[in-house]
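Along the sequence shown, residues carry numbers from 1. Computed from a prediction, not measured in an experiment: that's the story for all the values here.
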Amino acid sequence: EGKTCSLPIPMVSSSKIKPTPFMCGLSFALLASAFSTSEKLRWTGLRKSRYYAAILYQIMQMRNYKYNLRYLPANSKERPPDSKPNQYSDEWVTEEGPFQWLGFSPLSFGVSREDAINEGWGYLMIIENARTPLGIIRTILKPSLTQWERMRHARLEKVKAFFIEPVGPEKAWNMDGEKMENFDDLYVWFSNQTATFVG
């Protein structure tokens, strides 16, 4: 409609790269595997189509992924450590999976753009225990937070920080749709619209 508005953008800080805009999020498990599959189809000349085809292919595989996952809930009074913790307090939640879909987003979705940025936390987006490919597809097509929260196989966890470590050979991940170097572990904490990565 020709209207403009100011939109705060979270920034990623890393010892290896300059501060980088961070909008969509991090992807592990199914989406990371789909991106790797999509890269193998680059020769086709297709763009978005090859990525959608790769996602559908990975969904049909119905794979489960395991990670050592620890996260600090947004309602905790504990401040996220500035570096990867050596010990975790009882405030932290520990899980291993298996997960079918695992990602992190600093944005709320299904809301106006002005309200999308969260000040000091983000969402872990989890799909688990879906029995059929259709169950996964129905979940990822839901565009709003309230719809995700009503899905049987989906969870949204508000977190200030999380630590993730692959269990097994699956070390692929991507940020905002770009493949990153394989990781052994990764610690992310989110504060003042800045995501800090340690890994």
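Side-chain N/O atoms of E78 and W92 include a donor and acceptor closer than 3.5 Å. No hydrogens or angles considered: a donor-acceptor pair under 3.5 Å links the side chains of Y71 and E95.
Proximity of a side-chain donor or acceptor of K160 to a complementary backbone N or O of S76 within less than 3.5 Å is detected. With Y187 contributing its side chain and P81 its backbone, the two residues share a donor-acceptor pair below 3.5 Å.
The neighbour count for M60 CE, taken as heavy atoms of other residues, nucleotides or ligands under 6.0 Å away, does not exceed 12.
Taking all atoms of both residues into account, the shortest heavy-atom contact from N129 to Q100 is N-OE1, 3.3 Å. Residues A130 and G135 share a closest heavy-atom pair of CB-C, 4.5 Å.
Side chains of E96 and N68 form a contact here, defined as non-hydrogen atoms less than 4.5 Å apart. For the pair V93 and P73, the minimum side-chain heavy-atom distance is below 4.5 Å.
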| request: Dump the intermediate steps for side chain to side chain contact (heavy atoms under 4.5 Å, CB included) on I59 and I137, then the final yes or no. | output: CA-CA 8 Å; I59 289 174; I137 293 171; 3.9 Å; yes

| E128 and H153: side chain to side chain contact (heavy atoms under 4.5 Å, CB included), yes or no, with the steps? | CA-CA 5 Å; E128 57 194 347; H153 308 299; 5.8 Å; no

| Under the side chain to side chain contact (heavy atoms under 4.5 Å, CB included) criterion, do E91 and L72 qualify, and how do the steps go? | CA-CA 6 Å; E91 296 284 312; L72 185 63; 3.8 Å; yes

| task | Could you walk me through whether E165 and L69 pass the side chain to side chain contact (heavy atoms under 4.5 Å, CB included) test, one step at a time? | result | CA-CA 7 Å; E165 178 184 29; L69 177 66; over 6 Å; no

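Residues Y57 and I136 do not share a hydrophobic cluster, defined by chaining ILVMFWY side chains whose heavy atoms lie under 4.5 Å apart. By the rule that hydrophobic residues join a cluster once side-chain heavy atoms approach within less than 4.5 Å of another member, V167 and F99 end up as members of separate clusters.
Atom CD1 of I126 sits about 13.0 Å away from atom CH2 of W101, to the nearest 0.5 Å.
The side-chain contact (heavy atoms from CB on, under 4.5 Å) with I164 is formed by just one residue from the set L186, L124, D185, V188; it is L186.
F104 has its ring centre no less than 6.0 Å from the ring centre of Y123.
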